[in-house]
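Treat the numbers as computed from the prediction; the structure is a model and nothing was measured. Atom set for the values below is all heavy atoms of this structure, side chains included, hydrogens, waters and symmetry mates excluded. Along the sequence shown, the residues carry numbers beginning at 1.
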Amino acid sequence: MTVRVGVIGVGVMGADHARKLARVISGSDLVAVTDFNSEVAGAVATELGARVQPDGQALIADADVDAVVIATRDDTHADLVRAALRAGKPVMCEKPLAPTAAECRELVAAQRELAPPVDLVTVGFMRRFDPPYVALRERVRDGALGAPMMVHGISRNVSSAPGGDSAASITNSAIHELDIMPWLLDSPIVEVSYQHGRSSEHSGARQDPQFYLLRTASGVLVTVELFLNARYGYETRCEVVMETGTAALALPAHIVTDAESRRAVDYPVDWIPRYSDAYRIELQEWVDSVVAGRPSALATAEDGLRAALVADALIESMKSGGRWVEVAD
C-alpha cells in the first residue's frame with residue numbers, strides 16, 4: 001500500500017518534509033501541496049511532481065489525499081487538525097499542536113469523541129527520533145550512573161523569525177524542550193519558573209535570551225536556556241547530571257578544521273541539517289503506521305496538550321515576575 005500525502009505549508013520545514021516524502025520515505029506518494037504563498041507552492045509542486053491545492057481545507061478534502069502533514073503558522077494548526085479529524089484522515093501536525101492548552105484540549109476531546117480505531121493526530125516532536133537523544137535516554141534509563149538529579153538544556157538559533165513576542169518564543173521554540181525533557185526523564189514537569197537577564201540588541205520586541213527552571217514529578221531540576229538570536233549558528237545541548245557521572249549530547253560536527261593556529265568546527269545555520277535524520281526517521285515511522293493501521297511512536301495529541309500546559313505555566317510565570325507556577329492537569 002502507498003499512502004498519498006498532502007503537505008500544508010511548504011516553507012523551510014514543510015518543503016523539507018515534502019522532499020523527504022517524495023524522494024526518501026518508502027510507502028509514501030506526495031500528491032498535493034499548498035501554501036499561503038502560491039508561488040512557493042507552485043515551485044515545490046513543480047520540483048516534486050505534485051499538484052497545488054488553493055488552501056489547506058481544499059487539500060484535506062481532496063479525495064486523492066490519504067494523510068496530511070501540517071507545517072503552517074502555529075495559529076492555523078487547530079483549525080486544520082479539526083478539518084483532518086472531520087475528514088477521518090491521519091494528520092501529522094508540526095509543533096505545537098496549537099499555541100494554547102485550551103485549543104489543544106479541544107483537539108484531544110474532538111479525537112476522543114470521534115473514537116477512531118487508531119489515533120489520527122500525531123505531533124512532530126522530532127527530537128524523540130534523533131539518534132543522539134535516543135542514545136542519551138537509553139543511558140539515563142540503564143541506571144549505570146545512578147538516578148538523574150539535574151538536566152541542563154541549551155537551544156540556540158541564528159536569528160528569530162520576524163515578529164513574535166516573548167510568549168511566542170515559548171510556544172513556538174521552547175515547546176521542543178517542554179516535550180523532550182519529560183520524555184528523556186520519564187517524568188512530567190509539574191512546576192516552572194521563567195527568568196531572564198539582559199535582552200539581545202538583535203531580539204526586537206521579544207525578550208531574548210530566556211531561561212527556565214522546570215521541576216519534574218520525580219524531583220529532577222531542569223534548566224533551559226533559549227536564545228533565538230545567538231547569531232553564531234544553530235545548536236542544541238543537553239547534559240544529564242546523575243549520581244556517579246554525567247551524559248551529554250556531543251557536538252554533531254562532521255569535521256574539525258585546523259588552520260591559522262586555530263581548531264574549528266562549523267555550525268549549521270538552522271535546524272534542518274542538525275535534525276535531518278530525526279525528521280526522516282519520524283516521517284518513515286508515521287507513514288509505516290498509516291500503512292499498517294497501527295498506533296505510531298510519534299508524540300500524541302495528549303503529548304501536545306501536556307507540552308502546551310507547561311508552556312501556559314511558563315507564560316504565567318513570565319507575567320508574574322518569575323514566580324514558581326504549578327502546571328495544570
Side-chain angles (χ1 to χ4, degrees), residues 8 13 68-129 133 137 153 155 167-194 212 214-218 220 222 224 226 282 285-286 289 295-319 325-329:
I8 305 174
M13 188 70 268
V68 179
V69 172
I70 296 172
T72 50
R73 287 195 329 261
D74 297 357
D75 60 352
T76 67
H77 288 187
D79 285 344
L80 292 169
V81 171
R82 285 191 200 95
L85 282 170
R86 288 194 297 268
K89 296 185 178 182
V91 54
M92 193 198 84
C93 180
E94 266 303 331
K95 58 75 193 167
L97 178 59
T100 67
E103 292 171 290
C104 291
R105 283 191 192 279
E106 292 175 2
L107 296 176
V108 169
Q111 179 167 249
R112 287 177 179 168
E113 183 176 354
L114 185 63
V118 175
D119 281 356
L120 296 174
V121 181
T122 54
V123 184
F125 284 128
M126 81 295 178
R127 292 189 190 181
R128 294 177 176 220
F129 295 88
Y133 266 111
R137 188 185 194 215
S155 184
S169 294
I170 298 171
T171 59
N172 178 263
S173 297
I175 200 75
H176 275 302
E177 306 292 344
L178 307 186
D179 173 74
I180 203 63
M181 293 303 179
W183 176 86
L184 186 66
L185 298 166
D186 284 323
S187 183
I189 297 167
V190 296
E191 189 179 26
V192 303
S193 173
Y194 171 101
Y212 318 129
L214 317 172
R215 198 182 309 279
T216 69
S218 59
V220 177
V222 179
V224 174
L226 179 74
E282 176 188 56
E285 165 61 15
W286 180 62
S289 71
S296 80
L298 275 71
T300 64
E302 287 80 4
D303 292 327
L305 170 59
R306 279 189 283 271
L309 288 167
V310 181
D312 276 9
L314 274 172
I315 293 170
E316 182 179 343
S317 178
M318 177 184 72
K319 293 178 178 178
V325 174
E326 291 186 5
V327 177
D329 295 327

Hey, what do you get for [atom1] ([X]) to [atom2] ([Y]), rounding to the nearest 0.5 Å?
| X | Y | atom1 | atom2 | result |
| --- | --- | --- | --- | --- |
| I170 | L178 | CD1 | CG | 8.0 Å |
| E302 | L107 | CD | CG | 10.5 Å |
| D74 | I175 | CG | CD1 | 9.0 Å |
| E106 | L305 | CD | CG | 11.0 Å |
| L184 | T216 | CG | OG1 | 10.5 Å |
| L97 | R306 | CG | CZ | 12.0 Å |

For a 4.5 angstrom cut-off between non-hydrogen side-chain atoms, does [X] reach [Y]?
| X | Y | result |
| --- | --- | --- |
| R127 | E177 | yes |
| R137 | D186 | yes |
| T76 | I8 | no |
| T171 | I315 | yes |
| V68 | L80 | no |
| W183 | F125 | no |
| L85 | L120 | yes |
| D303 | V123 | no |

With sequence neighbours left out, write down each residue that passes side chain to side chain donor-acceptor pair (under 3.5 Å) with S169, or none if nothing qualifies.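 Checked S169 against side chain to side chain donor-acceptor pair (under 3.5 Å); matches are R206.
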Sidechain-backbone polar pair: [X] side chain, [Y] backbone, donor-acceptor under 3.5 Å:
| X | Y | answer |
| --- | --- | --- |
| E285 | A297 | yes |
| S187 | S218 | yes |
| T300 | T122 | no |
| D312 | L309 | no |
| H77 | P99 | no |
| Q111 | A301 | no |

So, E282 and R128, do they make that salt bridge, N to O below 4.0 Å? no
Run the side-chain contact (heavy atoms from CB on, under 4.5 Å) check on K95 and M126 step by step: do they pass? CA-CA 9 Å; K95 58 75 193 167; M126 81 295 178; over 6 Å; no
Where does the angle between the aromatic ring planes of Y212 and Y194 fall among parallel (under 30°), tilted (30 to 60°) and perpendicular (over 60°)?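 Answer is tilted, since the angle falls between 30° and 60°.
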